[in-house]
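As the structure is a computational prediction, the values presented were derived from the model and not from experiment. Atoms within each ligand, like the ligands themselves, are counted from 1 in listed order. For the numbers below, each heavy atom of this structure counts, side chains included, while hydrogens, waters and symmetry mates do not.
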Amino acid sequence: MSDQPVLFETSDGVARLTLNRPDKLNSFTSPMRALLRDAIEAIRNDRSTRVLLVTGSGRGFCAGQDLSERKMSADTEIDLGKTIQEEYNPLLRSIRALEIPVVCAVNGVAAGAGANIALACDIVLAARSASFIQAFSRIGLTLDCGGSYWLPRLTGTARAMGLALLGDKLSAEQAEQWGLIWKCVDDDKLMAEANQLAADLARAPTRALAAIKRAIHAAENNTLDAQLDLERDLQRSLGPTKDYREGVAAFLEKRKPQFSGR
Ligand code: T3D
């Protein structure tokens, strides 16, 4: 396997990003964040890419920030806000803003920034042996990478507080039961199921999926009135698409639709 810390390949409309520092549980270094940024930019500009699948190599998904990059002497002054401002936040925003579905296959432990980047994805599958750890409080930090946003929305305040204050390990099964992720899958089935899901989404009406993502994200802060208006506008934008025409024609002709993503 390549020694690049992030692997990036595209085939049949599916872009695959694999975090690839298995010896260090794929913990994030600055070069990895740069590679991810460039790959996501390439995906954004490639209209033939209709789904992104993110996973990790080895036994972990991602153990968050590589703490060996943060080794410091007593008199070191460190500005963690700078990395967050310049690297993590743009990464999170670029994932959320992608107008294609983002599937995450959490193959092992996801800790700190690794957990929260997984939770930023649209559909999260996790191997039964995987776990999620809000590891920040264990090292004297607070949540980042959107953790303080996703956790209370996904699990409610009580569970978000428990997870974040205690930094305990949450099993994939519990994460599924709490609504933090879409599905927990047997380890040996994870990649097959994630690949099938990605292939199905790559054949789906991409612009409709983008509109669905936008509506669901907007609902996190909208009033009902604003949401009804947004639904009207998004539906209006889909009326002229080839895929809507194809969907209706296929239904009436009792055949499977062939969506082109246009
Ligand atoms: O700094 C900023 O820019 C601010 C932003 C921060 C974002 C964050 O993500 S803060 C949170 C950082 N992450 C952590 O605190 C998690 C640290 N890791 C762990 O607690 C444990 O490794 C795990 C619970 C995730 C897994 O435990 P275990 O027992 O399965 O594995 P291990 O033996 O601890 O780790 C295996 C190897 O990976 C080991 O290396 P070695 O000794 O075999 O050479 C370990 O040091 C390395 N590793 C794991 N996590 C990290 C790491 N190396 C560097 N940084 C890591 N985060």
Engineer: With a heavy-atom distance limit of 4.0 Å, tell me whether Asp23 approaches ligand 1 through its side chain, its backbone, both, or neither.
Structural biologist: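 Asp23 to ligand 1: backbone contact only, side chain stays beyond 4.0 Å.
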Engineer: Just by modelled atom types, is the Ser129 backbone N or O under 3.5 Å from a matching donor or acceptor in the Asp187 side chain?
Structural biologist: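 It does hold such a pair.
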Engineer: Heavy-atom contacts under 4.0 Å between Phe28 and ligand 1: side chain, backbone, both, or neither?
Structural biologist: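 Neither; no heavy atom under 4.0 Å.
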Engineer: If we set the cut-off at 4.0 Å for heavy atoms, which region of Asp66 has an atom near ligand 1: side chain, backbone, both, or neither?
Structural biologist: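 The part of Asp66 near ligand 1 is both the backbone and the side chain.
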Engineer: Considering only heavy atoms, does Ser27 approach ligand 1 within less than 4.0 Å through its side chain, its backbone, both, or neither?
Structural biologist: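 Answer for Ser27: side chain.
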Engineer: Answer with side chain, backbone, both or neither: which part of Glu69 has a heavy atom less than 4.0 angstrom from an atom of ligand 1?
Structural biologist: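 It is neither part, as no heavy atom is under 4.0 Å.
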Engineer: Measure Thr83 to ligand 1 on non-hydrogen atoms and call it side chain, backbone, both or neither using the 4.0 Å cut-off.
Structural biologist: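 The answer is the side chain.
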Engineer: Counting N and O atoms only, with roles assigned by atom type, does the side chain of Lys169 sit under 3.5 Å from a partner on the main chain of Val109, one being a donor and the other an acceptor?
Structural biologist: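 No, the answer is negative, given that no donor and acceptor are paired below the 3.5 Å cut-off.
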Engineer: Report yes or no: does a heavy atom of Arg59 sit under 4.0 Å from some atom of ligand 1?
Structural biologist: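 In this structure, Arg59 qualifies as a contact of ligand 1 - some heavy atom is under 4.0 Å.
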Engineer: Checking Arg138 side chain against Gly167 main chain: does a donor-acceptor pair fall under 3.5 Å?
Structural biologist: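 Judged by distance alone, yes, a pair lies under 3.5 Å.
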Engineer: Would you check if the side chain of Glu246 reaches a backbone N or O of Pro257 as a donor-acceptor pair within less than 3.5 Å?
Structural biologist: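 Absent.
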Engineer: Against heavy atoms of Leu80, which atoms of ligand 1 measure under 4.0 Å?
Structural biologist: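 In order of numbering, the contacting atoms are 1 (O), 2 (C).
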Engineer: Show me which atoms of ligand 1 lie under 4.0 Å from any heavy atom of Ala113.
Structural biologist: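 Those atoms are 7 (C), 8 (C), 9 (O).
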